[in-house]
Structures are given as C-alpha cells and as structure tokens.
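What's counted below: heavy atoms across the whole structure, side chains too, no hydrogens, waters or symmetry copies.
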Amino acid sequence: MYFLNVEAFLVAIVILTMTPGLDTALVIRNTSRGGFQDGAVTSLGICLGLFVHATFSALGISVILTQSAELFSFVKGIGAAYLIWLGLSSLRALRAAKGVDVADLAPQAAGRSKSLREGFLSNVLNPKTAVFYLAFLPQFINPEYSPFAQSMAMASIHFVIAMLWQCSLSGMLNSAKSLLKSDRFMRWMEGTTGVVLIALGVKLLLEDPQI
C-alpha cells in the first residue's frame with residue numbers, strides 16, 4: 001500500500017469501528033426489528049456512505065496540495081489535534097456512558113430497502129463522520145500519489161472492517177444481549193477508545209510530515 005502509516009491507520013479504523021455510536025445503535029435497532037438480514041443491509045448502507053465522505057475528503061486534500069506543502073502539514077496538524085480531542089471527549093464521556101438497552105428498541109416491520117436507506121443516510125448526513133474523514137484521511141496521504149486513489153483505498157479497507165464488525169454484531173445480537181446492555185462494557189469501550197485516539201494523535205502530531 002502506498003499511503004503512509006498503514007499500521008496506525010489499521011489500528012485507528014478498527015478501534016473507531018468498534019466504538020459504540022450511532023452506527024452501532026442503528027444496526028442493533030434494525031436487527032432487533034427485522035433480524036440478521038435487516039442488520040446486515042443496514043451495515044451495507046452505512047459502509048457505502050464511507051465512499052461519499054472519502055470522495056469529499058480527497059477533493060479537499062487535492063486542492064490543499066496544489067496550494068502548498070506547508071498548508072498540507074498544517075491541515076495534518078489540525079487532524080492530529082482533532083484525534084486527541086476525540087480521545088479526550090471519550091474519556092470525559094465515561095461518567096455519562098450508558099449501555100444500549102435492546103429491550104427499548106421497539107420492533108417494527110420494515111423492508112430491506114428501508115434498512116439500506118436508513119444506514120446510508122445516517123452515515124452520509126452525519127456531520128461527525130464528514131468532519132472525521134476530512135481530518136483523519138490527510139494523516140495518511142502520501143503526496144507523491146493520487147489523493148483520490150489513496151482515499152478510496154482507505155475507504156475500502158474501512159468498508160471491509162466495518163461490514164465484518166457490524167454484521168458480527170448483528171449475528172451475535174440474540175446471544176449477546178446482556179453484553180450490549182452492560183454499562184461496564186460500554187464504559188470500557190469508551191475508555192479504551194479514548195486512550196488509543198490520544199496516543200495516535202500525539203504520535204501523528206510529533207512525527208515528520210514526510211512531504
């Protein structure tokens with residue numbers, strides 16, 4: 001792979017994909033509503049939305065690279081600081097962390113197309129995902145190669161990891177209800193994610209820009 005810091009990228013994507021959030025809640029809700037197939041189709045919609053964010057991120061990076069290497073380094077610095085901020089936010093959220101109560105998710109009939117649409121729109125219209133991709137992907141872009149091709153490659157990796165994780169969640173939902181409702185588990189996930197994000201942000205902030 002020709003983008004930078006592949007190992008750091010993989011660690012960050014795995015951790016962030018496994019972090020309980022809107023995507024996880026939506027997959028759980030739709031699985032409870034319509035079974036594994038609804039959950040899997042919801043995950044597909046969510047993951048397809050990643051390519052939309054990657055496209056906009058690549059366009060922004062391309063414009064920045066045509067301006068100056070210094071500006072690109074500045075954007076990378078902002079992105080690294082953003083990762084640290086996300087980590088600190090996760091740690092602050094520990095006090096308010098609550099488990100997802102599957103019992104509160106009211107079952108309702110829905111077709112596969114609705115689940116796909118819900119997953120796609122929830123991701124594409126989520127400003128947090130858009131901002132994250134704009135801040136995150138530049139950390140790994142190699143200016144010597146096409147930002148668009150690299151962004152699509154990273155989005156494809158994220159697609160595979162997210163599909164595997166979310167479909168696994170959907171498949172295990174019936175046997176893992178107590179875990180998904182566990183406040184201790186959610187707090188552990190939140191704390192672990194916070195520490196990893198801060199560590200990655202500091203690493204990226206201190207290393208050479210390699211431009």
Side-chain angles (χ1 to χ4, degrees), residues 1-24 43 46-65 68-94 123 126-166 168-169 188-211:
M1 295 182 187
Y2 48 78
F3 57 86
L4 305 174
N5 299 307
V6 177
E7 296 80 6
F9 172 78
L10 291 174
V11 171
I13 284 298
V14 169
I15 291 294
L16 291 167
T17 298
M18 296 177 66
T19 302
L22 174 60
D23 293 345
T24 303
S43 176
I46 291 169
C47 294
L48 288 175
L50 298 174
F51 293 101
V52 176
H53 294 298
T55 298
F56 283 113
S57 177
L59 293 175
I61 294 168
S62 297
V63 171
I64 291 172
L65 283 173
S68 70
E70 291 76 14
L71 182 58
F72 182 66
S73 296
F74 177 71
V75 171
K76 288 191 67 174
I78 293 176
Y82 177 68
L83 288 178
I84 296 173
W85 179 82
L86 282 179
L88 293 173
S89 297
S90 293
L91 295 180
R92 286 198 302 268
L94 279 175
N123 186 281
N126 187 347
K128 290 185 179 180
T129 305
V131 171
F132 176 76
Y133 254 56
L134 287 171
F136 184 66
L137 294 194
Q139 307 300 318
F140 307 97
I141 292 294
N142 187 337
E144 297 180 1
Y145 298 95
S146 165
F148 181 78
Q150 293 177 79
S151 295
M152 290 300 105
M154 286 186 275
S156 297
I157 293 172
H158 193 182
F159 178 95
V160 173
I161 293 173
M163 281 293 294
L164 289 173
W165 169 247
Q166 292 167 0
S168 296
L169 270 183
W188 177 83
M189 286 290 293
E190 196 78 42
T192 301
T193 300
V195 172
V196 171
L197 285 174
I198 292 172
L200 286 174
V202 171
K203 176 182 181 298
L204 294 170
L205 196 60
L206 295 179
E207 70 181 3
D208 294 331
Q210 301 184 41
I211 292 181

Please report the interatomic distance [atom1]([X]) to [atom2]([Y]), rounded to the nearest 0.5 Å.
| X | Y | atom1 | atom2 | result |
| --- | --- | --- | --- | --- |
| Ile13 | Ile161 | CD1 | CD1 | 6.5 Å |
| Asp23 | Gln166 | CG | CD | 5.5 Å |
| Thr17 | Ile46 | OG1 | CD1 | 11.0 Å |
| Phe51 | Ser156 | CZ | OG | 4.0 Å |
| Ser57 | Gln150 | OG | CD | 11.0 Å |

Exercise. Start with the C-alpha distance between Met154 and Ile141, add both sets of side-chain angles, then the distance that settles side-chain contact (heavy atoms from CB on, under 4.5 Å), and finish with yes or no.
Key: CA-CA 10 Å; Met154 286 186 275; Ile141 292 294; 3.6 Å; yes
Exercise. Let me see the working for Leu50 and Tyr133 under side-chain contact (heavy atoms from CB on, under 4.5 Å), right down to the final yes or no.
Key: CA-CA 9 Å; Leu50 298 174; Tyr133 254 56; 3.8 Å; yes
Quiz item: Any donor-acceptor pair under 3.5 Å linking the side chain of His53 with the backbone of Ala155?
Solution: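 Here the side-chain-to-backbone pair does not exist.
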Practice problem: Kindly write out the residues that satisfy side chain to side chain contact (heavy atoms under 4.5 Å, CB included) with Thr55, not counting sequence neighbours, or none if the list is empty. | Solution: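 So Thr55 forms a side chain to side chain contact (heavy atoms under 4.5 Å, CB included) with Leu59, Phe148, Met152.
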Quiz item: Partners of Phe9 by ring-ring contact (aromatic ring centres under 6.0 Å, His included), sequence neighbours excluded?
Solution: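 Phe9: ring-ring contact (aromatic ring centres under 6.0 Å, His included) contacts with Phe3, Phe136, Phe140.
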Self-check item: Nearest heavy atoms of Ala58 and Pro147, plus distance in Å
Solution: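 Closest approach of Ala58 to Pro147: CB-O, 3.9 Å.
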